[in-house]
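What follows is a single structure, written as structure tokens, with notes after it.
Just so it is clear, the model here is predicted, and its values are computed rather than measured. Any value given below was found using the heavy atoms of this structure, including those in side chains, with hydrogens, waters and symmetry copies removed. Positions are given from 1, in the same order as the sequence printed here.
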Amino acid sequence: MSCRRTAARLACAMAIFVGPWLTQHAHAQTLTMRAALSRALAASPRLTAAERDVGIATGQRIQAGALLNPELSYEQDNSFGSGIYRGTRSAETTLQISQAFELFGKRDARIAAGAAGIEVAAIQRKAVRLEVLSETAIAFLSVLGAQRRIQILDEQITAIDKLTPLLRRRVEAGASSPAETGRAEVASALVKADRERFKAMLASARRELAVLMGDPMAKFGEVSGRLDTMGKPPTFQSVVAAIDANPQLVRWTAVYAQRNAELLMARLKPYPDVRIAAGWRHFNETNDDAARLTVSVPIPVFDQNQGNILSAQESLAKTKAEREANRNTLIVVAGRAYDSLQGSLRELAVLRETAIPKATEASDAIAQGYGQGRFTLLEVLDAQASVTQARLREQEALQNFHAGVATIEGLVGNPFALAREGAR
């Protein structure tokens with residue numbers, strides 16, 4: 001019994017000390033693009049709302065196919081009057097059931113409109129899914145880019161701090177002014193200030209990504225991925241052609257079918273339906289029974305539903321213009337993203353072919369010459385800053401390129417390309 005109590009106490013102690021570590025370790029797990037996309041799809045309230053829209057449309061389709069309910073009526077005539085009609089001796093009692101029958105395909109038109117409504121909601125759900133994937137990918141890229149910029153600034157701070165021992169020796173030897181020590185400290189402090197600014201940007205980007213994944217705050221560690229892998233983008237003409245497959249445009253076909261069915265419903269409404277009734281009548285005075293048959297048809301004299309017909313016609317005619325306006329908006333968004341990624345490619349070519357190699361070469365040469373007394377500290381710091389700025393520009397261009405790719409992928413209706421780890 002004593003051993004069991006001891007083991008229980010040890011287990012509790014381990015839970016107290018190890019539990020927080022395990023929780024922190026779990027929260028600090030590296031996040032990949034694929035995992036971020038999966039979590040965003042599972043947690044997106046917009047996607048949930050779109051799924052509910054499909055359910056709403058399904059319910060409306062079911063209701064559209066429902067038959068009209070029959071009516072049961074009871075009538076009593078010639079009773080509770082005066083003379084021979086006092087009481088119920090002369091009463092005539094009728095029990096009747098009636099049913100209205102919709103003619104001219106009215107029910108079929110309602111069913112067609114309901115089915116088209118389901119298709120519209122289902123396609124809209126696909127559009128929302130693409131938007132969630134695209135937004136999550138861009139948010140992930142923002143975090144990844146901010147992480148890399150902070151790393152570059154950390155490397156510059158380390159490089160400046162490495163100059164401190166050499167600078168002190170030069171000051172002691174009288175080769176440099178003591179003021180240069182302060183100049184190096186200022187340079188390091190300015191880079192650290194830039195790093196704090198990027199840390200704030202990183203915190204915002206992490207929070208945005210966390211919210212997209214269903215968390216109010218970031219519970220993941222760093223994000224992992226590659227920004228340096230790029231492919232040749234397709235022509236803009238092929239992008240525009242592929243936009244027609246975007247669910248936002250595909251759904252207009254279903255919207256047209258839905259509005260066409262609604263127009264047919266409006267046109268059929270003035271046509272009269274038939275109500276047929278059959279009943280049983282009992283005559284108390286003679287104790288006789290008789291059958292009763294009724295057929296009724298409304299006469300569409302005053303209301304021929306002209307206003308609703310006109311409204312449905314205009315709504316149908318409006319569909320084409322709405323689709324074209326939607327398509328133009330998508331083309332503008334795709335054009336901006338395409339121009340951004342093309343500009344990023346040209347910027348990267350200049351940075352990688354000229355700016356970064358030349359800046360690195362010059363920085364190395366000046367740093368080596370500084371140890372030999374051929375260059376000043378200001379020249380060393382300026383050369384290091386040039387390398388850092390070129391590398392930061394490279395990271396920004398890489399992030400813009402992949403963000404443009406993610407935007408276009410979300411517009412052309414291809415969500416699978418967003419999950420390619422090798423391209424990130």
- For the residue pair Glu71 and Ile97, establish whether any side-chain heavy-atom pair is separated by less than 4.5 Å. no
- Begin with the C-alpha distance, continue with both residues' side-chain angles, and end with the deciding distance and a verdict on salt bridge (Lys or Arg N to Asp or Glu O under 4.0 Å) for Arg197 and Asp194. CA-CA 5 Å; Arg197 178 165 53 87; Asp194 288 337; 3.4 Å; yes
- Does Val54 offer a backbone N or O that forms a donor-acceptor pair with the side chain of Thr58 under 3.5 Å? yes
- Message: Can you confirm whether the side chains of Gln124 and Arg251 place a donor and an acceptor under 3.5 Å from each other?
- Response: yes
- Please say whether more than 12 non-hydrogen atoms of neighbouring residues, nucleotides or ligands are located less than 6.0 Å from CZ in Phe104. yes
- Output for pair (Leu47 CG, Arg125 CZ), nearest 0.5 Å, gives 4.5 Å
- Please name the pair of heavy atoms, one in Ala334 and one in Val239, separated by the smallest distance, quoted to 0.1 Å. CB-CG1, 4.2 Å
- Start with the C-alpha gap between Leu411 and Gln248, add the side-chain angles, then the distance that decides, and say whether side chain to side chain contact (heavy atoms under 4.5 Å, CB included) holds. CA-CA 9 Å; Leu411 293 176; Gln248 291 189 40; 5.5 Å; no
- Query: From Leu263 CG over to Leu310 CG, what is the distance, rounded to the nearest 0.5 angstrom?
  - Reply: 10.0 Å
- Query: Can you name the nearest heavy-atom pair linking Tyr338 to Phe236, along with the distance?
  - Reply: OH-N, 3.4 Å
- Message: Rounded at 0.5 Å granularity, tell me how far OG1 in Thr294 sits from CD in Gln96.
- Response: 4.5 Å
- Task: Kindly give the heavy-atom pair with the smallest separation between Ser134 and Gly410, and that separation in Å.
- Result: CB-CA, 4.2 Å
- Should Arg391 and Gln156 count as side-chain neighbours, where that means a heavy-atom distance under 4.5 Å? no
- How far apart are the C-alpha atoms of Arg107 and Leu67, what are their side-chain angles, what is the distance that settles it, and do they pass the side chain to side chain contact (heavy atoms under 4.5 Å, CB included) test? CA-CA 8 Å; Arg107 178 171 175 267; Leu67 296 172; 3.5 Å; yes
- Hey, is the main chain of Ala359 close enough, under 3.5 Å, to the side chain of Ser363 for a donor-acceptor pair? no
- Exercise: identify the closest heavy-atom pair between Gln304 and Pro270: O-CG, 3.0 Å
- Interatomic spacing from CD in Glu196 to CD1 in Ile150 - rounded to 0.5 Å: 8.5 Å
- Enclosure of Gln306 CD (heavy-atom neighbours >12, cutoff 6.0 Å): yes
- Message: I'd like to know if the side chain of Thr158 and the backbone of Asp154 have a donor-acceptor N/O pair within less than 3.5 Å.
- Response: yes
- Query: Would you say the side-chain atoms of Arg259 pair up with the backbone N or O of Leu316, donor to acceptor, closer than 3.5 Å?
  - Reply: no
- Message: Using 0.5 Å steps for rounding, measure from the CG atom of Leu212 to the CD atom of Glu135.
- Response: 6.5 Å
Side-chain atoms of residues 349-358: list all donor-acceptor pairs with protein atoms under 3.5 Å, sequence neighbours left out, distances to 0.1 Å.
residue	atom	partner	partner atom	Å
Arg352	NE	Glu394	OE2	2.9
Arg352	NH2	Glu394	OE2	3.4

- Message: Testing the basics here: between Gly404 and Leu341, what is the closest heavy-atom pair and its distance to 0.1 Å?
- Response: C-CD2, 4.0 Å
- Item | Intermediate values then yes/no, side chain to side chain contact (heavy atoms under 4.5 Å, CB included), Phe140 and Val223 | CA-CA 8 Å; Phe140 184 93; Val223 301; 3.6 Å; yes
- Give a yes or no answer on whether the side chain of Asn328 reaches the backbone of Glu324 with a donor-acceptor pair at less than 3.5 Å. yes
- Can you check whether Gln63 reaches Arg110 side chain to side chain, under 4.5 Å on heavy atoms? no
- Item | By ring pair (Phe, Tyr, Trp, His ring centres under 6.0 Å) - contacts of Phe101 (at least two apart) | none
- Message: Could you tell me if the side chain of Ile408 sits less than 4.5 Å from the side chain of Pro233, heavy atoms only?
- Response: no
Under 3.5 Å, which donor-acceptor pairs link side chains of residues 198-210 to any protein atom two or more places apart or in another chain?
residue	atom	partner	partner atom	Å
Ser204	OG	Ala200	O	3.3
Arg206	NH1	Gly221	O	2.6
Arg206	NH2	Phe220	O	2.6

- Note on the structure: One should read off an interatomic distance between Asp53 CG and Glu51 CD, to the nearest 0.5 angstrom, of 10.0 Å
- Query: Is there side-chain contact between Val380 and Gln384, with at least one heavy-atom pair below 4.5 Å?
  - Reply: yes
- Verdict with supporting geometry, Arg39 and Asp215, side chain to side chain contact (heavy atoms under 4.5 Å, CB included): CA-CA 10 Å; Arg39 290 172 60 179; Asp215 296 321; 2.9 Å; yes
- With distance as the sole test, does Ser311 use its side chain to make a donor-acceptor pair with the main-chain N or O of Gly307 at under 3.5 Å? no
- Message: I'd like to know if the side chain of Thr94 pairs up with that of Arg292 as donor and acceptor (distance under 3.5 Å, no hydrogens or angles considered).
- Response: no
- Message: Do Gln99 and Ile276 have side chains that approach each other closer than 4.5 Å (heavy atoms only, starting at C-beta)?
- Response: no
- Nearest atoms (heavy-atom pairs only) where Leu268 meets Lys106: O-CE, 2.8 Å
- Query: Within a strict 4.5 Å, meaning less than it, do heavy atoms of the Leu392 and Leu153 side chains meet?
  - Reply: yes
- Query: Among Glu396, Gln395, Gln399, which residue meets the side chain to side chain donor-acceptor pair (under 3.5 Å) test with Arg149?
  - Reply: Gln399
- Quick check: does any side chain N or O of Asn305 sit under 3.5 Å from a backbone N or O of Ala266, one acting as donor and the other as acceptor? yes
- Counting only heavy atoms not in Arg393, do more than 12 fall under 6.0 Å of its CZ? no
